[in-house]
Colleague: 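Before we start, here is the structure in question, set down as C-alpha cells.
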Amino acid sequence: SQKIEQNSEALNIQEGKTATLTCNYTNYSPAYLQWYRQDPGRGPVFLLLIRENEKEKRKERLKVTFDTTLKQSLFHITASQPADSATYLCALARSSGYSTLTFGKGTMLLVSP
Amino acid sequence: GAVVSQHPSWVICKSGTSVKIECRSLDFQATTMFWYRQFPKQSLMLMATSNEGSKATYEQGVEKDKFLINHASLTLSTLTVTSAHPEDSSFYICSATGTGVNEQYFGPGTRLTVT
C-alpha cells in the first residue's frame with residue numbers, strides 16, 4: 001500500500017540553526033511533491049513544489065530536495081527563527097487525479113530563541 | 001496570493017441536525033475544490049474532490065449521502081454534514097486550485113462540535 005512517512009517526533013532546534021525535515025514514501029511514483037506549513041487550528045499554507053525531474057528547489061530560506069531513487073524529500077530551513085515553529089506537511093500527487101494530494105502526518109518543528 | 005475563506009470558523013450543533021460549511025475562493029477561479037477532515041494530531045484526510053458544475057468524487061469510506069458537497073460556481077463550494085453525530089466532530093478544511101495550478105490553497109478550517 002502507499003505510504004508517506006514523516007518523523008512523528010517533534011524537532012527541537014535553536015534559533016539560527018538549519019532545520020532538516022524528512023519525507024519518505026513507498027509505492028508512489030509522484031509527478032511532484034509539495035511541502036506545506038500548518039499552524040495549530042489553521043489550514044495548511046503552500047510553501048514549495050518540486051517536480052520529479054528536479055533535484056532541488058529554493059525559496060528564500062527554504063530548500064527542498066527530491067530523490068526519486070531513494071523515494072525521499074528533504075526540507076531545509078536555514079537560519080531558523082522562532083516564527084518558523086509549526087507543523088510541516090509533505091504531500092504527494094496521486095497518479096490518478098493530477099492535482100489530488102495525499103498528505104503525510106507532518107513533523108512539528110520547535111525553534112527556541 | 002490566492003485566498004480561500006471558510007465560514008463558519010467554528011460551529012456547535014446538536015446530534016441529528018445538519019450543518020453547512022461554505023468555502024470561497026476570493027481572488028481566483030477555483031476549478032477544483034477539495035474537502036478534508038483532520039482529527040487531532042492526524043494528517044489531513046481527503047473526503048471528496050469537486051469540480052465546478054459536476055458531481056463530487058468521494059473517497060472510499062466517505063458516505064456521499066451524509067456529506068453533501070455542492071460546487072455550484074467557480075468561487076463557492078459547500079459541505080453539508082447531514083444528521084450529524086458526535087463522531088463527526090472534527091476540523092474540516094477546504095482547499096482550492098485553479099486551471100494549470102498544482103498547489104492547493106487552503107481555507108482556515110471549520111471546527112465542528114456535535115453534542
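Heavy-atom basis, side chains included; hydrogens, waters and symmetry copies ignored. A, B, ... follow the sequence lines: proteins, then strands. Residue 1 opens every chain.
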Colleague: Report yes if the side chains of A/Y36 and B/F106 come closer than 4.5 Å at any heavy-atom pair, otherwise no.
Modeller: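 Answer yes - side chains close enough.
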Colleague: What residue, out of B/P108, B/S9, B/G109, has the most heavy-atom pairs lying under 4.5 Å from chain A?
Modeller: B/P108
Colleague: Would B/V4 and B/I21 show up in the same hydrophobic cluster when neighbours are defined by side-chain heavy atoms closer than 4.5 Å?
Modeller: no
Colleague: Are any side-chain N or O atoms of B/Q104 and backbone N or O atoms of A/T100, one a donor and one an acceptor, separated by less than 3.5 Å?
Modeller: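 Side chain of B/Q104 to backbone of A/T100, a donor-acceptor pair under 3.5 Å: no, none is there.
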Colleague: Please find the pair of heavy atoms, one from B/N102 and one from A/Q34, that lie closest to each other, and give the distance.
Modeller: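 Looks like O-NE2, 3.0 Å.
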Colleague: Given a strict heavy-atom distance threshold of 4.5 Å, which part of A/Q38 is in contact with chain B: side chain, backbone, both, or neither?
Modeller: side chain
Colleague: What are the two closest heavy atoms between B/F91 and A/R42, and how far apart are they?
Modeller: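 Heavy-atom minimum between the residues: CE2-O, 3.8 Å.
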Colleague: How far apart are the closest heavy atoms of A/G104 and B/S43, and which atoms are they?
Modeller: O-OG, 2.6 Å
Colleague: Heavy atoms only: give me the nearest A/G43-B/I93 pair and the separation to one decimal.
Modeller: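 Taking A/G43 first and B/I93 second, the nearest heavy atoms are CA-CG2, 4.2 Å.
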Colleague: Rounded to the nearest 0.5 Å, what's the gap from OG1 on A/T102 to CD on B/E59? Could you check?
Modeller: 7.5 Å
Colleague: Under 4.5 Å between side-chain heavy atoms, hopping through other hydrophobics if needed: is there a path connecting B/I69 to B/M45?
Modeller: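 Different hydrophobic clusters.
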Colleague: With the 4.5 Å side-chain cut-off for hydrophobic clustering, are B/L74 and B/L76 part of the same group?
Modeller: no
Colleague: Check this for me: B/Q29, atom CD, are more than 12 non-hydrogen atoms of other residues, nucleotides or ligands nearer than 6.0 Å?
Modeller: no
Colleague: Against chain A, work out which of B/R111, B/K41, B/Q38 has the most heavy-atom pairs shorter than 4.5 Å and name it.
Modeller: B/Q38
Colleague: Is the count of non-hydrogen atoms from other residues, nucleotides or ligands lying under 6.0 Å from B/H7 atom NE2 greater than 12?
Modeller: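 No.
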Colleague: So does A/M108 have more than 12 non-hydrogen atoms from other groups sitting under 6.0 Å from CE?
Modeller: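 No, not enclosed.
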Colleague: Group every Ile, Leu, Val, Met, Phe, Trp and Tyr by side-chain heavy-atom contacts under 4.5 Å, then state whether A/Y28 and A/F66 land in the same group.
Modeller: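 In one cluster: yes.
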Colleague: Transitively linked via ILVMFWY side-chain contacts under 4.5 Å: B/F34 with B/L68?
Modeller: no
Colleague: Counting the benzene-type ring for Trp, do B/Y36 and A/F103 have ring centres under 6.0 Å apart?
Modeller: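 Between B/Y36 and A/F103, the centre distance is under 6.0 Å.
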